[in-house]
Every structure is written in structure tokens, then in C-alpha cells.
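Written below as C-alpha cells is the structure these notes are about.
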Amino acid sequence: MSQAVVPNTEVLSGEFVNLRPLRPEDAALTLGWRNAQRARFLNAGAASVEQQAAWIASRPASEYNYIIELKNGHPVGMLSLVGIDRANRHGEPGRFLIGDEAATQGVPAAVEAMKLLYELAFDRLGLLRVCGIIAANNTLMIKWQKYLGMKEEGRLRQHLCQKDGSFEDAVYLGMLADEYRKTALPRMNVLIAAARRAAE
């Protein structure tokens, strides 16, 4: 199967949200999200808006970094597909954060954002596998990802350094393309359909 070339400048459009490419001018917004309590499980990032803008500008063309926007253009979070290995056909979803939780009430923003990213990974880039790690104490994210079809494949002991200097385990999760189509996609579609009915 030939692997598609998907421009990093392309907006991925859904029913409730769009994924639009991350830009340096998003630095203040994303830094604010990263410094909030909701982002406590993410690794330490930039210390200033200037550093954040420089980090965004330095992202390689091999990464797909997005801002999650509501259909009215309001930004509510971020999400990425990184570590793409085209020879072995796998990649890592990551940097996932809903930064404006209040704006997403009643909107399946997180679910549809993941669906759009998985469509990019499996249907457009032709990957066979997505995988990555989550901090072991981020139990809600682990539970949610498992519900969406990820399977726990192992535990990396004392793998992540916390902001206070302590270390904790990471849970390694993975999903294959056929698992996405048989389990993840139907579950995501059910949640999106429920939100659609509630909005009618």
C-alpha cells in the first residue's frame, strides 16, 4: 500500500470540530493551557511565550501538530501525531490537551479530534499502528484511551520525571489499524451521534 503525502498545512474538518495546523502565533494560548492544572500530566515545556513560539516554529515537517477548534473557530485544545515511522508504518498520538473545557460542554470535541487524527494516521497515511505512553497516574486518560480501543502493552518503570523531580511509571498503549476499524471507530461514532441527537 502506497503511503499518502498529507500536507501539514491542511485543516482536518469534522462535524463539531476542526484540526488546524499549530502556528507560532498560538504560543501564548498553548502556553497558558500547558501551565494550567489540567496539563499537570504533560512533560515540562517552555517557560515563556517566546520559548513556546520558538518550539512551535522548530517542529519538523514529519510531525502533524494541531489546534482543536470548534466550528465557529474558537480554539479549545491541541493534539499531535508525531514519531511517524513510514518504513514500519507506525506513529504516536500525543500532546493531547483540552485547554478550554468550559467551551466544549455538550460538544464531543475530544472524541472527534481523536477520530480525525486516527483517520489521518490509518486512512490517509496508511499506518498500521499507533502507540505511545501515558503517565501511570493519569488514570482517567488511560481509561478513556482504552475505551476508545487502545490496548495496554506494557509498563515503563520510573520512566517520566515529574515537575517536582520525582519519577513515575508510564503505561504503554497501542492500537492496530484493524482494531481502530472494528472497535475505536464504531465507539467514537456512537459518542458523536449521541452528541448530535442531544443538540437537536
Could you check whether any side-chain N or O of [X] sits under 3.5 Å from a backbone N or O of [Y], counting only pairs where one atom can act as donor and the other as acceptor?
| X | Y | result |
| --- | --- | --- |
| Lys71 | Gly14 | yes |
| Asn65 | Leu22 | no |
| Asp169 | Gln158 | yes |
| Arg89 | Gly126 | yes |
| Asp123 | Leu120 | no |
| Thr104 | Val107 | no |

If hydrophobic clusters are built from ILVMFWY residues whose side chains come within less than 4.5 Å, do [X] and [Y] share one?
| X | Y | value |
| --- | --- | --- |
| Phe16 | Leu117 | yes |
| Leu128 | Ile84 | no |
| Tyr147 | Leu173 | yes |
| Met150 | Val82 | no |
| Met188 | Leu70 | yes |

Taking the side chain as everything from C-beta on, heavy atoms only, tell me whether [X] gets closer than 4.5 Å to [Y].
| X | Y | answer |
| --- | --- | --- |
| Asp85 | Glu92 | no |
| Arg20 | Glu10 | no |
| Leu97 | Ile68 | no |
| Pro21 | Tyr64 | no |
| Lys151 | Glu179 | yes |
| Tyr66 | Arg95 | no |

Looking only at heavy atoms, what is the nearest atom pair of [X] and [Y], with distance?
| X | Y | value |
| --- | --- | --- |
| Gly149 | Ala184 | CA-CB, 4.4 Å |
| Gly106 | Ala195 | O-CB, 4.4 Å |
| Gly91 | Leu81 | C-CD1, 4.3 Å |
| Pro24 | Ala53 | O-CB, 3.9 Å |
| Arg23 | Ile56 | C-CG2, 3.5 Å |
| Gln52 | Ala27 | CG-O, 3.5 Å |

query = Would Asn18 and Leu116 count as a side chain to side chain contact (heavy atoms under 4.5 Å, CB included) if you check the C-alpha gap in whole Å, the side-chain angles of each, and the deciding distance to 0.1 Å?
reply = CA-CA 8 Å; Asn18 295 331; Leu116 290 169; 5.8 Å; no
inquiry  = Using the ring pair (Phe, Tyr, Trp, His ring centres under 6.0 Å) criterion, which residues pair with Trp144? Sequence neighbours excluded.
reply    =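 Applying ring pair (Phe, Tyr, Trp, His ring centres under 6.0 Å) to Trp144 gives Phe96.
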ask   = Between Tyr180 and Phe122, how do the two ring planes meet: parallel, tilted or perpendicular, split at 30° and 60°?
value = parallel
query = Does one side chain, of Ser80 or Glu63, offer a donor that lies under 3.5 Å from an acceptor on the other?
reply =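 No pair is found: no donor N or O on one side chain lies under 3.5 Å from an acceptor on the other.
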Side chains of residues 72-79: which donor-acceptor partners sit under 3.5 Å, not counting sequence neighbours?
| residue | atom | partner | partner atom | Å |
| --- | --- | --- | --- | --- |
| Asn72 | OD1 | His74 | N | 2.9 |
| His74 | NE2 | Asp100 | OD2 | 2.7 |

query = If you count the non-hydrogen atoms of other residues, nucleotides and ligands that lie under 6.0 Å from NZ in Lys182, is the total more than 12?
reply = no
message = Looking at Glu168 and Arg157, is there a salt bridge between them, counting it only when a charged N and a carboxylate O are closer than 4.0 Å?
response = no
query = Is it true that Arg124 and Glu119 make a salt bridge, defined as a side-chain N closer than 4.0 Å to a carboxylate O?
reply = no
request  = Would you please test Val111 and Ile192 for side chain to side chain contact (heavy atoms under 4.5 Å, CB included) and show each step?
outcome  = CA-CA 7 Å; Val111 173; Ile192 292 169; 4.1 Å; yes
task = Would you check, one step at a time, whether the test side chain to side chain contact (heavy atoms under 4.5 Å, CB included) holds for Ile133 with Val171?
result = CA-CA 5 Å; Ile133 62 172; Val171 175; over 6 Å; no
key: Stepwise side chain to side chain contact (heavy atoms under 4.5 Å, CB included) check, Tyr118 with Val130   = CA-CA 8 Å; Tyr118 287 159; Val130 294; 4.1 Å; yes
